[in-house]
Amino acid sequence: MYAKCRHLDSAMIVLENMDVDDVVSWNSMIVGCMRQGCEEEALSLFQKMHAKDMKLDNFTYPSVLNCFASMKDVQNAMSVHCLIVKTGFEAYKLVNNALVDMYAKQGNLDCAFQVFNHMPNKDVVSWTSLVTGYAHNDHHEEALKLFYDMRMAGIYPDRIVLASILSSCAELTVVEFGKQVHANFVKSGLQSSISVDNSLVTMHAKCGCIEDASRVFGSLQSQDVITWTALIVGYTQNGKGNDSVRLYEQMIASGTKPDFITFIGLLFACSHAGLLESGRSYFTSMDRVYGIKPGPEHYACMIDLLGRSGKLLEAETLLNQMDVEPDATVWKALLAACRVRGNLELGERTSLN
C-alpha cells in the first residue's frame with residue numbers, strides 16, 4: 001500500500017520490520033521503487049533478496065529487468081539473464097517478454113531477437129517489444145518486416161506497436177502502407193490513443209501529405225504538445241513557414257505550452273520564411289517565458305535567420321554569447337551566411353573553429 005502511494009520510506013520501514021521475509025512484499029517494494037525512478041534502490045533490494053537466498057519468482061525478474069532497461073546497464077543485465085537461465089525461469093513468458101523488452105530498449109537487438117526466437121509461445125507483448133525495439137533503434141525496414149510476420153502469425157496489433165509502425169512508415173515515407181495498417185486497426189474496433197494519433201499526424205506530414213496531416217489533426221478530440229509540434233514541424237518541412245507560425249499561435253491560445261522540439265520547428269520556419277522579428281521574439285521567449293534553455297539547434301536556426309536577413313554581426317554576437325558549446329550545425333549556418341553575403345573576413349574567422 002505504501003509503495004503504491006509513493007511513500008517508499010514508510011514502505012521500507014514496514015518491510016524491514018516484518019518477522020518473515022515474504023517474496024510478495026519484496027516484489028511490491030521493488031516495483032514501487034522502479035515506478036518512482038529509483039532503479040538503484042530496486043536493484044539493491046533484489047541483491048538483498050538474492051543474498052538472503054529468498055525464493056525468487058516470475059514476478060521478481062520482470063521488475064528487475066525493467067530497471068536494467070532504464071539504466072542501460074548491459075553487463076549486470078546479462079548476469080541476471082544468466083541467473084534466470086540457471087533457475088529455470090526462462091520457461092516463463094512473462095520473464096521472456098521482459099528480457100526482449102530490456103535488450104530492445106538497451107539497443108541490443110541481436111540478444112532481443114535471440115530471446116524472442118527461442119520463445120515457444122509469443123503473444124502480442126512479445127511481438128510489440130521486439131517490433132518497437134527495432135523501430136526505436138532506427139531499424140525501420142526490419143520493424144516493418146517483423147510487423148508483417150506478426151500479422152502472419154495471427155497476432156493482432158495493439159496501440160503501442162501501431163504507433164511504432166506508423167513512425168517507421170514516416171521515416172521510410174511509405175504512407176500508403178501506413179494508411180493500410182491504420183485502416184485495419186480502425187476496423188478492429190480498438191480505441192485509438194494519443195501516441196497513435198501523434199504518429200499518424202507525423203507520418204502524413206513527413207511523407208509530404210500536409211493537407212492530410214492537417215485533416216487528421218483537426219479530427220482529433222484532443223491534442224497534446226507532441227500533436228501540435230508534429231504539425232508545426234510538418235508545415236515547416238513542407239515549406240509552409242507562415243502556417244507553422246499561425247499554428248503555433250493557435251497552440252499558445254489553446255493553453256498548450258511548447259517544448260524544446262516545438263521551438264526547433266518554429267525557429268526553422270521563421271528562418272526559411274524570413275520572419276526576423278518573429279524569430280527574435282520566439283527565441284527570447286524560450287527562456288524568459290517558458291524556462292527552456294536554447295540548445296545548439298535553436299542557435300543554428302537563429303544564426304541562419306540572422307544570416308539570411310543580412311545581420312551577420314548580430315549572428316556572430318549571438319554565437320559568442322551562446323550558453324552551450326556550438327556544434328557543427330551552428331558553424332555551418334554562419335559559414336553559409338558568410339558565403340551568401342560575401343563576408344570573407346567573418347567567414348575566415350568562422351572556418352578556424
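We're numbering straight along the sequence, starting at 1. Every value quoted in this text rests on a predicted model; they were computed, and no experiment measured them.
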Working to the nearest 0.5 Å, report the span between [atom1] of [X] and [atom2] of [Y].
X: His204; Y: Asn238; atom1: NE2; atom2: CG; answer: 12.5 Å
X: Ile261; Y: Thr229; atom1: CD1; atom2: OG1; answer: 8.0 Å
X: Ser126; Y: Asn97; atom1: OG; atom2: CG; answer: 3.5 Å
X: Leu275; Y: Asn242; atom1: CG; atom2: CG; answer: 5.5 Å
X: Leu305; Y: Lys311; atom1: CG; atom2: NZ; answer: 10.5 Å
X: Ile160; Y: Thr132; atom1: CD1; atom2: OG1; answer: 7.0 Å

Would you say [X]'s side chain and [Y]'s backbone share a donor-acceptor pair under 3.5 angstrom?
X: Ser281; Y: Glu277; value: no
X: Asn96; Y: Glu90; value: yes
X: Asn58; Y: Val95; value: no
X: His298; Y: Gly295; value: yes
X: Asp304; Y: Gly307; value: no
X: Thr284; Y: Arg280; value: yes

Evaluate the side-chain proximity of [Y] to [X]: yes if any heavy-atom separation is below 4.5 Å, no if none is.
X: Met29; Y: Glu41; result: no
X: Asp138; Y: Glu171; result: no
X: Met322; Y: Val330; result: yes
X: Tyr235; Y: Ser214; result: yes
X: Asp123; Y: Ile155; result: no
X: Ser309; Y: Glu314; result: no
X: Val201; Y: Gln223; result: no
X: Phe185; Y: Arg159; result: yes

Looking only at heavy atoms, which two atoms of [X] and [Y] are closest? And how far apart?
X: Leu94; Y: Pro62; result: CG-CG, 3.9 Å
X: Pro258; Y: Met251; result: CA-CE, 3.3 Å
X: Ala98; Y: Leu65; result: CB-CD1, 3.7 Å
X: Phe263; Y: Tyr282; result: CE2-O, 3.6 Å
X: Ala143; Y: Ala135; result: CB-N, 3.9 Å
X: Ser244; Y: Thr236; result: OG-OG1, 2.8 Å

Can you hop from [X] to [Y] via hydrophobic side chains spaced under 4.5 Å?
X: Leu190; Y: Phe147; value: yes
X: Tyr148; Y: Ile165; value: no
X: Val125; Y: Val196; value: yes
X: Ile264; Y: Leu318; value: yes
X: Tyr299; Y: Met286; value: yes

Should we count [atom1] of [X] as having more than 12 external heavy atoms under 6.0 Å?
X: Phe260; atom1: CZ; result: yes
X: Phe268; atom1: CZ; result: no
X: Lys240; atom1: NZ; result: no
X: Tyr290; atom1: OH; result: yes

For the pair Thr329 and Glu297, evaluate side-chain contact (heavy atoms from CB on, under 4.5 Å) and give the outcome as yes or no after the intermediate values.
CA-CA 7 Å; Thr329 59; Glu297 305 94 334; 5.7 Å; no
Determine whether the side chains of [X] and [Y] contain a donor N or O and an acceptor N or O closer than 3.5 Å.
X: Asn198; Y: Ser195; answer: no
X: Thr60; Y: Asp57; answer: yes
X: Thr317; Y: Asn320; answer: no
X: Asn76; Y: Ser79; answer: no

Kindly say whether the aromatic ring centers of Phe217 and Trp228 come within a distance under 6.0 Å.
yes
Can the ring centres of Tyr61 and Tyr92 be said to be less than 6.0 Å apart?
no
Salt-bridge criterion met for Arg246 and Glu249 (N-O under 4.0 Å):
no
Ion pair present between Glu142 and Lys145, side-chain N to carboxylate O less than 4.0 angstrom?
no
Stacked cation flag Lys122 on Phe116, 6.0 angstrom / 45 deg:
yes
Residue from Thr202, Ile226, Leu220 passing side-chain contact (heavy atoms from CB on, under 4.5 Å) with Asp197:
Leu220
Met78 vs Asn108, side-chain contact (heavy atoms from CB on, under 4.5 Å): CA-CA, chis, key distance, verdict:
CA-CA 11 Å; Met78 288 187 170; Asn108 193 341; 3.6 Å; yes
Give the C-alpha distance, both sets of side-chain angles, the deciding distance and a yes or no for side-chain contact (heavy atoms from CB on, under 4.5 Å) between Leu146 and Leu130.
CA-CA 8 Å; Leu146 284 167; Leu130 191 64; 3.9 Å; yes
I would like to know whether His140 and Tyr134 meet side-chain contact (heavy atoms from CB on, under 4.5 Å); could you show each step before the answer?
CA-CA 7 Å; His140 300 293; Tyr134 273 87; over 6 Å; no
Below 30° counts as parallel, above 60° as perpendicular, anything between as tilted: where do the rings of Tyr103 and His81 land?
tilted
